[in-house]
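Here's the structure, in structure tokens; my notes come after.
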Amino acid sequence: MRLSHHFGKTLRQVPAEAETVSHQLLLRAGLVQQLAAGIYAYLPLGWRVLRKIEQIIREEMDAAGGQELFMPALLPIELWEASGRDQTMADIFFRVTDKRERRFVLGPTHEEIIVDLFKRQVQSYRDLPLMPYQIQVKFRDEARPRGGLIRVREFTMKDLYSFDTDWEGLDESCRKMLRAYQNTFDRCGVPTSIVEADSGAIGGKDSWEFMFFCDSGEDQAVLCSAGDYAANAEKAEFRKPTIPQEPPQAVEEVATPGVKAIDDLCAFLGISSWQTLKAVFYAADGQPAFVAIRGDMEVNETKLRNALGAVDLHMMDDAELTAAGLVAGYASPIGLKNVKVVADDAVPSSSNLVGGANKPDAHLRNLNYGCDWTADIVTDIAVAREGALCPRCGSPLTLQRAIEMGHVFKLGTVYSEKLGATFLDRDGVAKPAVMGTYGIGTGRLLAGVVEANHDEQGIIWPPQLAPYDTHLVALGTDRSDVVQACERLYEELQQAGISVLYDDRDESPGVKFNDADLLGMPLRLTVSPRTLTSQSVEVKRRSEKESTLVPLGEAAARLRELLKQP
RNA sequence: CGGGGUGUAGCUCAGUCAGGCUAGAGCGCACGGUUCGGGACCGUGAGGCCGGCAGUUCGAAUCUGCCCACCCCGACCA
């Protein structure tokens, strides 16, 4: 490709809209261009890399037993009504209506559709296991696209679905995918770690994410400093600080005029936050829920949502509180009626806590779970914070920003039961297939590759993903000997199977070298009057400072060697 | 959805508080010339519904109202 006619210009300045490194470099190098919030066009350079990423994914999926197919993106709403996800995923649907008023959604994911295909294709245990997959565009009306390609509304994703006869089979399919994912990310030059994850609205059982730790990430991972535990912050457990047990004492009201927040309460009474009971009111699918947690912890809304089995969950606002007859700041679990009570599992073992009195300007001392009040649900609903203790070994936990590069889910039989994906087992009994679902966002992976492979000058492509193997720089385009040597080399290399981005523009050396660094091809080849005095071409790796002179006649052979051994 | 911010040339921005604009700069772009191993220089030139609509005013990029778009934080996120 000649740069003089390449579609996609480099930018000297960082576009104001870009904050993360990958976003800036993707725009500056002319790999992508934004059309609207979270909607991007891939320019030729970006598209070449994306296709290479997809090819690596294909190879790894096929090697693990996957079979590529292709499903529609335009999906009748009825499929989603059948699974109930027309409700749980309503917020992220892009909806479409045809001229007969028939309703469709642009597919945000494809569990319902693959199950529909499965039902017609599979009847017997002898057909299983199966791992169909596709690489296809998804549409999600995300509340907030961000970070360039990191979270977008239209994106390409590899989604694979596994169907097994039993849970052991699912374990095996899952193992294969974990390995395939590890290979994929390794080959793409993105270091990832596997963390335990929440399974969210999709339902199902165990779930893991492949995290690339990186400050541009939007997710938080919780890591054990001794390496014994890694989890998404939404899911992370921790050892809760134990506090001195005391014999329960009688409840006693204490006047606390104007004291609402836990900090104020502690200061007012001269106690520590772990001696208090914090009360938070949530609306869970419209139903009020009273949430009690010790004052030294905070509520993890993902855990709470799972505990309540709720789809919509938010803290009640003042209007909702008033309507439910509740008093914020002075709430107490004692004497509550018609409100579901959820308590964090550290509460029952904490004695003589100070909590609200359910009336303004008063609190109660010596609240004891079991004696004075009980909850409908007692479970872990606390946020794991920096410095909390590892649930496995007790070492301190740290928080890390991360980009989720891939997700692996053990779905189990949730969808196969709901949608009737059954097979006849060897005993002649119809059983639901045991499913898994596995996703990799290709554009996000591209962003991850750039985040993981760059310096101050620009991108440093891993050779296996580079849009071109070499970047040929002609210095002195007004000299016919330079032009002739470049043209010859350009042809020769391509015939030898080496791809070349050829900077044939009439630009100064500085401009050309800077663009070469920005665009990041693995090998830079320079031909100039200087190199021609020895009939050679200067060869430099993007990842290194040193360059070497190679005789023009040997260039193709030598470059082929260099490209083989990074 | 809550909070914050920004919309002026292809890109980065000044001008807006204090109305007088016939709207500027740098980069990029076109043409001519000089340069040529790390974002060169000189000259000439093209390029703008100042996000949109409505209003105030003799006069609006500038003031007022409504709307839209984009970015950031949070909520949300198979």
Side-chain angles (χ1 to χ4, degrees), chain A residues 9-20 23-24 27-28 30 33-39 80 83 85 88-93 107-114 138-148 150-153 155 157 159-161 197-204 207 209 216 218-220 232 234 282 301-302 305 310-315 317 404 406-409 411 414-415 435-441 444 457-458 473-479 482 505-518 524 526-532 538 540 545 547:
Chain A
K9 284 184 55 163
T10 55
L11 299 175
R12 291 197 185 190
Q13 274 159 315
V14 180
E17 70 202 45
E19 205 143 286
T20 61
H23 194 189
Q24 293 179 351
L27 291 173
R28 284 225 294 136
Q33 191 176 314
Q34 187 180 49
L35 275 185
I39 302 176
W80 299 87
S83 68
R85 287 210 288 185
T88 55
M89 297 184 76
D91 273 358
I92 65 159
F93 282 153
T109 176
H110 281 76
E111 282 79 13
E112 280 79 355
I113 299 82
I114 194 70
K138 309 284 186 217
F139 299 88
R140 295 183 191 178
D141 193 4
E142 296 286 355
R144 185 152 101 78
R146 69 179 96 186
I150 289 172
R151 177 165 294 274
V152 292
R153 298 193 295 169
F155 60 101
M157 173 166 146
D159 45 324
L160 182 145
Y161 306 89
D198 179 68
S199 37
I202 193 174
S207 135
E209 288 165 342
S216 300
E218 50 165 2
D219 277 324
Q220 287 270 358
N232 189 307
E234 293 180 338
Y282 279 90
E301 295 192 359
T302 302
R305 178 176 293 108
V311 174
D312 176 60
L313 183 81
H314 62 270
M315 283 181 73
D317 59 31
E404 176 192 342
H407 205 151
V408 169
F409 263 100
L411 281 177
V414 184
Y415 289 92
M435 292 177 60
T437 178
Y438 315 82
I440 296 178
R444 185 185 281 185
Q457 317 304 321
V473 175
L475 293 189
T477 45
D478 54 337
R479 290 188 41 159
V482 169
R505 300 173 302 171
D506 179 21
E507 289 287 355
S508 69
V511 168
K512 293 192 170 194
F513 287 140
N514 277 297
D515 273 349
D517 287 345
L518 175 60
R524 187 185 79 190
T526 307
V527 173
S528 70
R530 191 191 290 180
T531 69
L532 287 183
E538 179 196 271
K540 177 186 165 299
K545 278 206 161 60
S547 59

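Below, all heavy atoms of this structure are taken into account, side chains as well, without hydrogens, waters or symmetry copies. A note on names: the letters A, B, ... follow the listed sequences, proteins ahead of strands, and every chain is numbered from 1.
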Item to check | Those residues that, when tested against Asp141(A), pass salt bridge (charged side-chain N to carboxylate O under 4.0 Å, His left out) (two or more places apart) | outcome: Arg153(A)
Checklist entry - So what does Phe155(A) hit on the nucleic acid, given a heavy-atom distance under 4.0 Å: a base, only sugar-phosphate, or nothing? => result base
Checklist entry - Between U56(B) and A69(B), how far is it from one P atom to the other, in whole Å? => result 27 Å
Next on the checklist: I'd like to check the side chain to side chain donor-acceptor pair (under 3.5 Å) partners of Ser216(A); sequence neighbours left out, ordered by chain and number.
Outcome noted: Glu451(A)
Checklist entry - A60(B) and G55(B): how far apart are their C1' atoms, nearest whole angstrom? => result 11 Å
Checklist entry - When you compare C77(B) with C27(B), how far apart are their P atoms, in angstrom units rounded to a whole number? => result 49 Å
Checklist entry - Is there a side-chain hydrogen bond (donor to acceptor under 3.5 Å, both in side chains) between Ser83(A) and Glu111(A) once you walk through the steps? => result CA-CA 9 Å; Ser83(A) 68; Glu111(A) 282 79 13; over 6 Å; no
Produce the list of close N/O pairs, under 3.5 Å, pairing protein atoms with atoms of nucleotides 30-32 of chain B; give distances to one decimal.
none

Next on the checklist: Under 3.5 Å for both donor-acceptor distances, Watson-Crick or wobble: does U56(B) have a partner, and if so which one?
Outcome noted: none
Next on the checklist: Roughly how many Å apart are A61(B) and G7(B), using the C1' atom of each and rounding to a whole number?
Outcome noted: 12 Å
Checklist entry - Expressed as a whole number of Å, how far does the C1' atom of G24(B) sit from that of C63(B)? => result 22 Å
Next on the checklist: Please name the nucleotide paired to G38(B) by Watson-Crick or G-U wobble geometry with both distances under 3.5 Å, or report none.
Outcome noted: none
Checklist outcome for this item: Sorted by chain and residue number, the side chain to side chain donor-acceptor pair (under 3.5 Å) partners of Ser528(A) (sequence neighbours excluded) come out as none
Checklist entry - In whole Å, what separates the C1' atom of C21(B) from that of C49(B)? => result 16 Å
Item to check | Distance, rounded to the nearest Å, where His407(A) contributes NE2 and C77(B) contributes P | outcome: 13 Å
Item to check | Euclidean distance, Ile39(A) CD1 relative to Phe139(A) CZ, rounded to 0.5 Å | outcome: 8.5 Å
Next on the checklist: Nearest heavy atom decides the nucleotide; on that basis, is Lys9(A) or Arg151(A) closer to the 5' end of RNA chain B?
Outcome noted: Lys9(A)
Checklist entry - Taking the C1' atom of each, how far is G15(B) from U6(B), in whole Å? => result 16 Å
Next on the checklist: In this structure, how many angstroms lie between the C1' atom of C11(B) and the CD atom of Gln33(A), rounded?
Outcome noted: 12 Å
Checklist outcome for this item: Across all chains, not counting sequence neighbours, the side chain to side chain donor-acceptor pair (under 3.5 Å) partners of Lys138(A) are His110(A), Asp159(A)
Checklist entry - Does U62(B) have a Watson-Crick or wobble partner in any strand here, with both distances under 3.5 angstrom, and which is it? => result none
Next on the checklist: Partner lookup for G2(B), please. Criteria are Watson-Crick or G-U wobble with both distances under 3.5 angstrom; report none if nothing qualifies.
Outcome noted: C73(B)
Checklist entry - Do Gln13(A) side-chain and G10(B) base share a donor-acceptor contact under 3.5 Å? => result no
Checklist entry - Which residues pass the side chain to side chain donor-acceptor pair (under 3.5 Å) test with Glu301(A), sequence neighbours left out? => result Tyr282(A)
Item to check | Test salt bridge (charged side-chain N to carboxylate O under 4.0 Å, His left out) applied to Glu218(A) - qualifying residues, sequence neighbours left out | outcome: Arg146(A), Arg151(A), Arg444(A)
Next on the checklist: Any base atoms under 4.0 Å from Pro15(A), or only sugar-phosphate, or nothing? Heavy atoms, all strands.
Outcome noted: sugar-phosphate
Checklist entry - Paired with C31(B): which nucleotide, if any, by Watson-Crick or G-U wobble criteria at under 3.5 Å for both distances? => result G43(B)
Report, one line per pair, each donor and acceptor closer than 3.5 Å where one atom sits in a side chain of residues 508-515 of chain A; sequence neighbours left out.
unit_1	atom_1	unit_2	atom_2	d
Lys512(A)	NZ	Ala474(A)	O	2.6
Lys512(A)	NZ	Asp503(A)	O	3.2
Lys512(A)	NZ	Arg505(A)	O	2.6
Asn514(A)	ND2	Gly510(A)	O	2.8
Asp515(A)	OD1	Thr10(A)	OG1	2.9
Asp515(A)	OD2	Thr10(A)	OG1	3.3
Asp515(A)	OD2	Arg505(A)	NH1	3.4
Asp515(A)	OD2	Arg505(A)	NH2	2.9

Checklist entry - For every nucleotide of nucleotides 70-76 of chain B, 5' to 3': is a protein heavy atom under 4.0 Å from its base (B), only from its sugar-phosphate (S), or from neither (-)? => result SSBBBBB
Checklist entry - Reckon Val14(A) touches a base, only the sugar-phosphate, or nothing at all at heavy-atom distances under 4.0 Å? => result sugar-phosphate
Item to check | Rounded C1' spacing from G28(B) to G45(B) in Å | outcome: 14 Å
Checklist entry - Partners of Arg479(A) by salt bridge (charged side-chain N to carboxylate O under 4.0 Å, His left out), sequence neighbours excluded? => result Asp481(A)
Close N or O pairs between protein and nucleotides 35-41 of chain B (under 3.5 Å):
unit_1	atom_1	unit_2	atom_2	d
C36(B)	N4	Asp478(A)	OD2	3.2
G37(B)	O2'	Arg530(A)	NH2	3.0
G37(B)	N7	Ser528(A)	OG	3.1
G37(B)	O6	Ser528(A)	OG	2.3
G37(B)	N1	Glu538(A)	OE1	3.0
G37(B)	N2	Glu538(A)	OE1	2.4
G37(B)	N2	Glu538(A)	OE2	2.9
G38(B)	O6	Arg524(A)	NH1	2.6
G38(B)	O6	Arg524(A)	NH2	3.3
G38(B)	N1	Asp517(A)	OD2	2.9
G38(B)	N2	Asn514(A)	OD1	3.3
G38(B)	N2	Asp517(A)	OD2	2.3
G39(B)	O4'	Asn514(A)	ND2	3.1
G39(B)	O2'	Arg12(A)	NH1	3.0
G39(B)	O6	Arg28(A)	NH1	3.4
G39(B)	N2	Asp515(A)	OD1	3.3
A40(B)	OP2	Ser508(A)	OG	3.3

Checklist outcome for this item: Taking a pair to mean Watson-Crick or G-U wobble geometry with both distances below 3.5 Å, G24(B) pairs with C13(B)
Item to check | Spatial distance of atom CE (Met435(A)) from atom CG (Leu411(A)) [nearest 0.5 Å] | outcome: 5.5 Å
Checklist entry - If we only count heavy atoms from C-beta on, is the Met89(A) to Pro108(A) side-chain gap below 4.5 Å? => result yes
Item to check | Set of residues satisfying ring-ring contact (aromatic ring centres under 6.0 Å, His included) with respect to Phe93(A), sequence neighbours excluded | outcome: Trp80(A)
